Amino acid sequence: MILGLMAGLLFTPLAWAVLTLLCGFERSRLISWLGILVQSLVSFALWAAVASEGGFYYQLGGWPAPLGIELRVDGLAVTFVMLTAVVGGACGWHAGIYLDPTKTSHRYFWPLFWFLWAGLNGVWLGGDLFNLYVALELISLSAVGLVALGGQADALRAAIRYLMAALLGSLAYLLGVALVYGQFGSLSLAGISALLPADSGQAGLVFALVLMVAGLALKTALFPLHGWLPPAHGIAKSPVSALLSALVVKASFYIAARLWLEFGEHLGSYELAQLVGALGGIGVLWGSWLAFRQSRLKQVVAYSSVAQIGYLFLLFPLSWGVSEAVALQAQQGMTLQVISHALAKAAMFLAAGNLIMSVGSNRVDALAGVSRFLPFSLFSFGLSGVSLMGLPPTGGFAAKWLLLQASLGSGQWWWLIVLLGGGLLSAAYVFRVYRASFIENSDTDQFFHPARSLEVIPMILALLSLGLGLVAEPVLSVMVLPFAKGGGG
Amino acid sequence: MRRSVGTCAVAGVCLAFVITLALAVLDVAETPAQVDLPGLLSESMGKSGVEHPVTAVLLNFRSYDTLLEIGVLVIAGIAGISVSRTTSLEDPELRTTDTLLYALQRWFVPLMLVLAGYLLWAGADRPGGAFQAGAVLAATGVMMRLGGIPMDFLRPGTLLRLGLALGFAVFLLIALASAIGGGAFLAYPPAVAKQLIVLIETVLTLSIAMVLLALFVSAPVNRAEEPGEGESP
Amino acid sequence: MSASLLYALAGVVLCGIGLFGFITLAHLLRKLLAFNLIGSGVFLALVGLAQRHGEPDPVPQALVLTGIVVAIAATALAVVLIRRYFHLSGLTTLKPEIREDRAE
Amino acid sequence: MTEWLLDGLLIFALLATAVATLWSRDLFRAVVIFIAFGLLMALAWVRLRAPDLALAEAAIGAGLTGVLLLDAARHLKSGRSE
């Protein structure tokens with residue numbers, strides 16, 4: 001039963017990619033909505049199965065690990081599979097209504113969307129270093145294709161810049177993999193972490209870890225490597241921006257986090273952990289400040305992603321050389337931050353898309369008066385903003401609370417500055433958008449009203465992000481599930 | 001002046017990178033690899049269905065990598081056609097009147113087709129296989145195109161999309177069929193492993209050639225633009 | 001030191017050359033060439049290091065074959081995007097983007 | 001001894017073409033040098049006893065990438081975008 005679910009999970013997005021490649025936009029849309037339903041059900045069933053029976057290793061092609069590729073199906077992985085189903089499904093639903101079916105290039109949204117989904121699942125479940133590289137490339141190339149969709153000069157420039165950054169990041173990662181393979185003769189994550197010598201790390205392997213983390217940090221847009229993100233996320237169509245900010249940047253971060261948690265203990269050092277954390281912290285403050293200064297609405301949201309990604313990297317210092325309890329808190333905080341940011345940022349981008357569609361301009365000051373016409377979308381925008389600020393009872397609050405406790409528990413009080421400052425600055429940029437939209441001196445009364453369903457989807461996502469804080473306990477309990485069978489190393 | 005200082009700084013960083021990396025490589029090279037993967041591989045070769053180890057790794061032991069990799073190729077193809085907004089990908093400007101090229105073609109095209117066929121066939125027991133054969137096939141197409149031979153099938157129509165998807169779809173269906181049969185995703189029944197691998201390689205050759213060719217010819221031709229979000233047309 | 005290891009080190013140097021070019025060169029096609037050089041360097045390092053004792057190892061060879069195909073897919077996509085971008089804007093670099101980082 | 005010489009020469013040629021590719025003044029010539037680099041890579045794979053990679057590098061690395069880039073270089077130089 002569980003094996004069938006796994007096959008379904010791997011097969012569905014790839015098969016739907018082929019199907020939608022062969023059909024036109026409108027038929028692809030119907031097929032895709034059906035596919036979203038199927039994939040969500042399969043993801044949920046797998047999540048439920050793992051929640052009740054525990055994690056396991058899945059051998060692709062029936063070949064065991066060092067020779068074949070094993071997928072690691074544990075609580076954390078299925079939690080993210082589930083998150084992808086929710087956010088990806090919502091974005092696909094939204095895109096089907098939002099995108100103009102008469103434009104020929106829009107039909108290619110669907111196959112790229114499904115390949116992206118396949119790549120994301122590949123990353124969450126990946127247990128093989130090289131397979132993770134291929135899955136990352138699958139994600140990067142389809143994401144670049146989605147940004148370039150439409151083929152306007154600015155979009156192309158952003159797409160090319162994104163592609164260059166993504167390719168360089170992948171190669172740095174692959175170079176690290178080359179060193180690791182040279183050392184161990186194996187690519188299996190579990191196998192390698194079992195082989196790692198208990199004493200302190202070898203210089204060559206330390207550099208391999210640094211290379212891999214640096215490459216992945218470039219792909220995740222960690223400060224100061226974030227330059228490519230705002231143009232790409234800002235210029236893409238709103239459902240695409242939502243997918244990119246909510247899920248795509250998390251994929252490379254997820255691999256970096258997995259590597260750190262598996263190898264960091266042996267190969268990491270206090271300095272490295274602090275450095276990564278400091279870059280994340282600067283990213284939080286700098287990204288929030290730039291978000292506050294942007295004149296275009298989607299750029300505000302895109303820079304806010306740079307900031308929110310910074311929080312994730314606090315995992316590095318907060319899980320190195322600390323007690324088990326603190327490390328667990330840091331991991332839980334990171335997971336909740338990934339989930340709540342994915343939900344909130346997807347909601348925010350989709351709501352921003354509605355607002356832009358309504359006023360016909362991307363500028364923040366053009367929003368004047370929109371509060372009367374589109375209160376629903378504006379409310380979704382605000383709700384997701386509340387989660388980004390980290391106010392209770394949102395998921396963002398729960399995440400930052402855990403990170404805060406981990407900072408205090410490990411005596412690294414300096415991260416408090418980041419957590420508090422970031423919250424204040426994000427409040428500033430969210431309220432700036434709000435203030436603009438409540439100005440009543442607008443001389444235009446010509447507002448376009450988007451379809452009702454377009455307004456419902458960001459609302460659902462924003463409410464989920466809001467409610468995440470209340471159900472954090474059960475969500476986290478699945479994440480830490482032990483392995484039921486198979487050698488976890 | 002400032003630029004040259006910046007360049008020097010980058011050069012310094014790159015030099016430091018090379019030295020560190022070289023030291024890391026030498027450090028890793030000191031001890032033998034801890035897992036004897038080549039040994040493990042040769043033990044399992046009998047069960048793989050083919051004799052050539054690289055083909056066995058690509059299409060059996062690590063076939064999931066290859067499946068996703070073909071996905072990457074298809075994505076590149078899709079993204080390529082999606083930005084080129086032309087009804088026909090045939091570019092009249094490219095038609096050469098070069099008689100030498102034309103004469104060369106008459107000899108080269110059939111020769112390269114034979115070479116592609118040989119590479120595909122060889123893949124099972126010696127070097128060669130779908131990727132090399134596909135590349136040679138694509139190169140043949142590129143040559144035909146440079147010589148101005150019309151290739152109407154490369155219009156971004158159903159046929160092209162079918163060609164892009166074919167290899168991937170067949171690979172995927174075989175992967176699923178084994179999962180339905182009770183095995184793992186991508187596990188071929190040992191009795192027909194060889195036949196399945198040959199089938200996959202054949203359709204992959206066609207698809208790889210098609211994708212590469214489609215990317216080559218999807219050069220932009222017209223100036224059609226569409227407005228971005230929130231901009232009036 | 002074996003010959004394979006020498007090739008691995010050559011790959012390392014190639015990575016360095018490519019990286020320098022990737023950062024300093026502005027022309028997009030040259031950046032793409034640099035990317036391909038880094039890629040070749042990584043592949044050499046992967047195979048050379050794994051085969052340092054002289055015996056051929058089919059696994060990294062298969063990985064590199066996959067890597068080569070991924071690299072050509074990325075290169076071909078980049079070429080299509082760059083050509084289209086040039087067609088629409090007449091630019092061969094990303095230069096105007098510099099304005100983006102400053103808050104307007 | 002001759003083998004070491006051969007390897008040394010090949011590696012030197014690889015690095016030299018790599019540098020020449022990036023800093024050749026003419027873009028078209030840069031791509032031609034890049035194709036030469038691809039062929040040298042194919043030789044390097046032969047020396048590393050990887051005939052599959054040699055074939056793939058010659059067909060894909062040197063052949064297709066080369067043609068693709070040559071075509072693009074010509075297009076970008078001709079400046080069809082008025």
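Chain identifiers are assigned alphabetically (A, B, ...) following the order of the sequence lines, protein sequences preceding nucleic acid strands; residue numbering begins at 1 within each chain. Please read these numbers as outputs of a predicted model, since none were measured by experiment.
- If you measure heavy-atom distances from Leu19(C) to chain B, the contacts under 4.5 Å come from both the backbone and the side chain.
- Looking only at distances, no side-chain donor or acceptor of His53(C) sits under 3.5 Å from a matching main-chain atom of Glu55(C).
- The candidate with the highest count of non-hydrogen atom pairs below 4.5 Å against chain B, out of Leu81(C), Leu77(C), Ile68(C), is Leu77(C).
- For Leu41(B), the part sitting under 4.5 Å from any heavy atom of chain C is the side chain, from C-beta outward, and nothing else.
- With chain C as partner, the option from Leu58(B), Val72(B), Val57(B) having the largest number of non-hydrogen pairs under 4.5 angstrom is Leu58(B).
- Note on Val28(B), Ile75(B), Val74(B): by heavy-atom pairs under 4.5 Å with chain C, the leading option is Val28(B).
- At least one donor-acceptor pair under 3.5 Å links the side chain of Ser178(B) to the backbone N or O of Ala187(B).
- The part of Leu37(B) that comes within reach of chain C is its side chain, from C-beta onward, which places non-hydrogen atoms under 4.5 angstrom from that chain.
- One N or O on the side chain of Arg52(C) and one on the backbone of Ala29(B) form a donor-acceptor pair closer than 3.5 Å.
- His27(C) contributes atom NE2, which lies 10.5 Å from atom CG of Leu91(C) (distance to the nearest 0.5 angstrom).
- Without hydrogens or angle criteria, Thr140(B) side chain to Val136(B) main chain gives a donor-acceptor distance under 3.5 Å.
- No part of Ile19(B) comes within reach of chain C, as not one of its non-hydrogen atoms sits under 4.5 angstrom from that chain.
- Considering Ile70(B), Leu67(B), Leu186(B) in turn, Leu67(B) is the only one that fulfils the side chain to side chain contact (heavy atoms under 4.5 Å, CB included) rule with Leu172(B).
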